[in-house]
Amino acid sequence: MAPIHIPNELWITLSYLGFSMCAIPFYWHLEAWNTGTCLFMAWAGLMNLNQAINSTVWNGNAINKAPVWCDISTRIFLGAVIGIPCTTMCIIRRLYQIASVRSVTITRAEKRRFVMVDLAIGIGIPIIYMILAYIPQGHRFNIIEDIGCYPAIYTTPVALVLVSLPPLLIGCVSAVYSFLTIRAFAKSRRQFMELLPRGSINSDRYIRLMLLAGVESLLTVPCTIYTIYETYIATPMNPWRGWADTHLNFSRVDQVPAILWRNSPIAVRNFESNRLAVCLIAFIFFAFFGFAEEARKNYRLGFQSVTKHMGISTSITLFSSTG
């Protein structure tokens with residue numbers, strides 16, 4: 001059966017839309033100092049913007065027209081691969097801490113420590129991951145027509161350990177945290193609701209964050225296992241013969257026309273599922289937070305601000321705060 005062709009323009013539209021969905025609510029989450037959520041939005045937004053730019057610039061061509069951008073773009077891609085599971089772990093770890101305590105009194109020093117730990121996990125680990133990914137990188141990068149810049153990871157046992165396994169391990173940790181959080185929440189729900197701090201997180205936001213982290217964890221683990229199977233088992237991996245062999249002719253750039261990869265069912269499945277996952281992450285986030293009470297309130301304030309600057313007086317409330 002011939003692979004299904006999805007128009008590149010659709011991916012471009014969905015990616016820009018996904019970036020907007022992460023960028024719009026970023027400000028009010030930042031105001032509330034929801035570090036894990038902000039880092040999640042940052043990585044998800046970067047992923048979608050990166051994909052949108054690449055799909056636009058290399059729509060219908062595979063010309064090496066922006067090599068420096070491709071160096072940056074492939075690092076963003078790799079950073080987001082681990083960044084999303086890391087920030088999910090930040091969110092669910094914080095929720096577990098809230099669910100398992102018996103007091104809501106948090107000092108300024110403890111808040112600062114929470115933020116620093118989240119930054120270390122959500123930014124520090126991805127930076128280390130991006131650096132380590134250079135070890136099994138076979139050449140500078142690939143350019144795939146309609147997709148754009150793509151990392152050139154040489155599939156060896158070293159790549160399996162340094163590139164493919166870390167997202168799976170972090171996803172498993174998040175899944176364990178999710179189970180523990182749900183158990184702690186169910187165990188003392190009434191007392192938990194009474195002790196839950198006001199302001200940066202309330203019961204409604206807590207549940208939405210728990211659902212977001214849980215869904216993300218459930219998606220990360222099976223998708224990563226499938227990717228590992230496709231990359232290292234279904235297609236036999238190459239032996240590791242050392243640094244010099246892996247980085248031979250490292251400055252090479254492979255350019256792949258669409259007629260080649262679109263006629264390979266495995267390539268189509270891998271590339272298109274990656275693009276779908278990038279957009280899906282943003283859409284899932286927006287589904288949980290784009291229509292919530294604080295979102296409607298900020299939409300209303302934004303609309304009123306725009307109409308005020310335009311000199312339009314209106315008493316119509318477009319986004320009701322009830323319901």
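Counting from 1, the numbers follow the sequence of the chain as shown. Only this structure's heavy atoms are used, side chains among them; waters, hydrogens and symmetry mates stay out.
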[X] [atom1] to [Y] [atom2] distance, which is reported to the nearest 0.5 Å:
X      : Y      : atom1 : atom2 : value
Ile144 : Leu260 : CD1   : CG    : 10.0 Å
Thr220 : Met89  : OG1   : CE    : 11.5 Å
Trp43  : Leu46  : CH2   : CG    : 6.5 Å
Ile121 : Ile82  : CD1   : CD1   : 11.5 Å

Distance alone, cut at 3.5 Å: any donor-acceptor contact between the side chains of [X] and [Y]?
X      : Y      : value
Arg269 : Asn274 : no
Asn238 : Thr155 : yes
Ser55  : Asp146 : no
Ser15  : Gln51  : yes

Using the ring of each side chain (for Trp, its six-membered ring), is His247 parallel, tilted or perpendicular to Tyr134, with breaks at 30° and 60°?
->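 Ring orientation of His247 relative to Tyr134: tilted.
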
Which of parallel (below 30°), tilted (30 to 60°) and perpendicular (above 60°) describes Phe271 and Tyr150?
->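 Phe271 and Tyr150: perpendicular rings.
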
If you draw a 6.0 Å radius around CD1 in Ile233, do more than 12 non-hydrogen atoms from other residues or ligands fall strictly inside?
->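 Buried by this count: over 12 neighbours within 6.0 Å.
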
How about Tyr226: does its OH atom have over 12 heavy atoms from other parts shown lying under 6.0 Å from it?
-> yes

Is Arg140 positioned over the aromatic face of Phe250, cation under 6.0 angstrom from the ring centre and no more than 45 degrees off axis?
->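 Judged by the rule (NZ or CZ under 6.0 Å from the ring centre, within 45° of its axis), Arg140 is not positioned above Phe250.
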
Atom of Glu145, atom of Trp261 and distance for their closest heavy-atom approach = O-NE1, 3.1 Å

Write down the atom of Gln255, the atom of Ala62, and the distance for their closest heavy-atom approach.
-> NE2-O, 2.8 Å

Should Met237 and Pro157 count as side-chain neighbours, where that means a heavy-atom distance under 4.5 Å?
->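 SC-SC contact between Met237 and Pro157 confirmed.
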
Which residues share a disulfide bond (SG atoms under 2.5 Å apart) with Cys90, sequence neighbours left out =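 Once residues adjacent in sequence are excluded, Cys90 has no partner under the disulfide bond (SG atoms under 2.5 Å apart) criterion.
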
